[in-house]
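These figures come from a predicted structure and were not determined experimentally.
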Amino acid sequence: MTVEAAVGGEAARSVDLSTYSIDMKDITVTMPSLSSPGSVEAKPFATVLTADGAAVFTKAFGAPPVPAGDSPATVAGRVDVVPALG
């Protein structure tokens with residue numbers, strides 16, 4: 001996950017805060033037909049704090065929430081799919 005981070009009066013800069021990987025077996029696609037709504041859902045997965053992310057947290061708060069390489073959060077995702085109108 002890339003974020004724009006600004007600490008103090010510094011200009012904002014892009015930082016790769018965390019990474020994640022999702023195994024395709026943890027993804028469910030539900031789409032009854034091409035013309036009906038559906039969804040894509042991901043089971044919970046861990047994010048991993050990057051070294052750059054840990055550095056930004058340290059600069060802003062004195063320490064990162066977890067060491068670089070550890071997981072600061074577990075997330076899940078869902079996207080509703082709406083067919084395009086023809």
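Taking the salt bridge (Lys or Arg N to Asp or Glu O under 4.0 Å) definition, one finds that Lys43 meets it with nothing, sequence neighbours left out. Taking the salt bridge (Lys or Arg N to Asp or Glu O under 4.0 Å) definition, one finds that Glu4 meets it with nothing, sequence neighbours left out.
For the atom pair OG (Ser21) and CG (Asp26), the distance works out to 9.5 Å, reported to the nearest 0.5 Å. The OG1 atom of Thr28 sits 10.5 Å away from atom CZ of Arg78, with the distance rounded to the nearest 0.5 Å. The OG atom of Ser14 lies 11.0 Å from the CG atom of Asp52; values are rounded to the nearest 0.5 Å.
Side-chain contact between Leu49 and Pro64 is present, with at least one heavy-atom pair separated by less than 4.5 Å. Residues Thr47 and Pro72 are in side-chain contact: their nearest non-hydrogen atoms beyond the backbone lie under 4.5 Å apart. Looking only at side-chain heavy atoms (C-beta outward), Thr50 and Thr19 come within less than 4.5 Å of each other. Residues Val15 and Arg13 are in side-chain contact: their nearest non-hydrogen atoms beyond the backbone lie under 4.5 Å apart. Inter-residue side-chain proximity for Ile27 and Ile22 is flagged as met; some heavy-atom pair is nearer than 4.5 Å.
Of all non-hydrogen atoms in Ala76 and Ala42, the two that sit nearest each other are CB-O, 3.6 Å. The two residues Pro32 and Pro37 make their nearest non-hydrogen contact at CD-O, 3.4 Å. A pairwise comparison of heavy atoms in Val81 and Met31 identifies CG1-CE, 3.6 Å as the closest pair.
When the side chains of ILVMFWY residues are joined at heavy-atom separations under 4.5 Å, either directly or via intervening members, Met1 and Val66 end up in a single hydrophobic cluster. Grouping the Ile, Leu, Val, Met, Phe, Trp and Tyr side chains by contacts below 4.5 angstrom, directly or via other members, places Val29 apart from Val82.
Every pair passing ring pair (Phe, Tyr, Trp, His ring centres under 6.0 Å) that includes a residue from residues 19-53 is listed here, sequence neighbours excluded: Tyr20-Phe45.
Residues Asp16 and Thr2 have side chains that bring a donor and an acceptor to within less than 3.5 angstrom of each other.
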